[in-house]
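Below you'll find the structure, written out as structure tokens, and then a few comments.
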Amino acid sequence: MKRLLHILVVLAPFAVAAQQDSGGYNRALAAFNAGDYDTAAPLFFQASESGGDADTQGKAEFYLAQSLAKKGLPVSAFISYAAIVNAGPSHPSYLKAVEGLVDMQQQLDEQNLIPSILNQAYSEEVRDKWVTLPKEVLARINYLVGTVSQRRMRFEEARSLLEAVPKDSRVYAKARYLLGVVLADPRFPGRPGEGETLDKEALAAFNASLSANEPQVELKATQHLALIGLGRLHYRRGEYAEATVAYEKVPRYTRYWDQALFENGFARFQNEDFGGSLGSLQALHAPQFAGAFQPESWILKSTVYYYSCLYDEVKTTLAAFDELYGPMAKQLEPFTAEDSDLVQAYNLVAAENRRLPRPVYLWLRNNERIREVMRVLAKLDEEKKELSGGAWRGTPLAKQTVASLEDVRGTLLQVGGTLARSRIREAADNLRTFSDQAEIIRVQTALDEKDLLQAGVDQKALLTRQSLYRPKMPGAAWNYWKFQGEFWIDEIGYYQYTLKRGCPAKTAEQQTP
């Protein structure tokens, strides 16, 4: 009897705590159902921290995340959902938290942290549980985890995940586009033996993205990327005319148009359409793209002139490259050290500054993942301000949530800094590489000029005897206007050069292989 009494005495405080916890949870749930999230959230937080009944505590953690989401605090909500997901499938609200985490990813368009959390959680242990999630939620998970697999070059895994996204999903077009990228990657296992089959499947994936209909997430931008992916696939296969068709379908003045112009310049050059190649580059070098970082475009332009033996134009083009990009290489040198600070690297991009060359600065800020870090950090700072000065000011909920936001902020700064530092080094490496290529072209041009002189070829007379003709018109609705140094907005993107050829005709002996 004494032993039983002792047990009752020991258990009594826990029973009281459980009753108090249950009462707080019930009051929180009533406030939540009434839409009073200012009252509900602190009570759910208290219930989740009470150490009482595990089931009640787990539900309180989930409804706390729900309250934060409904209060318009998606970053704070994502942190709460992520804590439940990381706790594992034994948590009573595990699957609901997975669904909530996917919802916050969609709301924030966060592509760095949440996909990694889902990727880590998507283990063999939980796959059977996750298939019970709503169809659209599972489709988004497959797409998001597929993006992580693609970045980490786990191509077969990425393929399996992306192919699992059904046609009626709102991320179908994005999944098909990325599937095309995965299958077309030269590093995909099975190449080159299965290259033809993989290319056909990649072609089908890009076309599926292009034929997708609304409602889709970011459909237009995704389809523009699919056109560029299609162009790259044809280009790699040596199908240059088909590549040009794809690139020229990217609408003018859309986000990826400058990239399409640049790559189309290469496709037309390889297709021996030198005038068309220079036309694409003429558009790319218009004042509207004055802030673009496209050093390779000038190397391509000089190469087109070199193949036409127009050596004065080669030298003029290389001089323009040196004037534009020579100073940039020196400006970037201080920011390319191996041990450079990541937060400082991120701040170079995030803040308006004069330390980086403006074209490089804009190129960095246009990186999709860096833009996402900036956007989420801005939202995070908004939430910190609201928590510090709103209805929950000074409460344990506000203090802990702000501390969690600070932890996420630190992680995002590291992610953003890593991306920024990598891109800065890429820019510096590109400038070095293309400067070396410019020097090779310059030297080869000088040698070829010397050969012509020694052979007694009067190149100026050769060029004078040639005539320039209007380019062929694509159709009856087209008009020809001679370019006279002015860039008109309705003409940019439709330029076509006609070139003379400064190369002397080869004799029959020279043409014999």
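Hydrogens, waters and symmetry mates play no part in the numbers below; they use all other heavy atoms, side chains included.
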Pair [X] + [Y]: basic N to acidic O under 4.0 Å:
X    : Y    : result
D199 : R191 : yes
E156 : R159 : no
E110 : R375 : no
K384 : E406 : yes

Checklist entry - Going from NZ on K96 to CG on D103, what distance comes out if it is rounded to the nearest 0.5 angstrom? => result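 Those atoms lie 13.5 Å apart.
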
Checklist entry - Can you say whether the rings of Y253 and F289 are parallel (under 30°), tilted (30 to 60°) or perpendicular (over 60°)? => result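 The arrangement is parallel - the two ring planes meet at less than 30°.
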
Next on the checklist: With no hydrogens and no angle check, just 3.5 Å: does a side-chain donor-acceptor pair link E239 and H234?
Outcome noted: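 Result is yes, a qualifying pair exists.
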
Item to check | Q270 and Y235: side chain donor to acceptor below 3.5 Å | outcome: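 Looking only at side-chain atoms, Y235 and Q270 do form a donor-acceptor pair, the distance falling under 3.5 Å.
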
Checklist entry - Given the side-chain rings of F321 and W298, with only the six-membered ring counted for Trp, is the space between their centroids under 6.0 Å? => result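 Between W298 and F321, which both carry aromatic rings, the centre distance is not below 6.0 Å.
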
Checklist entry - Below 6.0 angstrom between ring centroids: does that apply to F269 and Y307? => result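 Here the rings of Y307 and F269 have centres that are less than 6.0 Å from each other.
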
Checklist entry - Quick check: are there more than 12 heavy atoms from other residues, nucleotides or ligands sitting under 6.0 Å from CZ of R236? => result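 More than 12 within 6.0 Å, yes.
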
Item to check | Distance under 6.0 Å and angle within 45° of ring axis: R421 vs F335 | outcome: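 Verdict for F335: no cation-pi partner in R421.
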
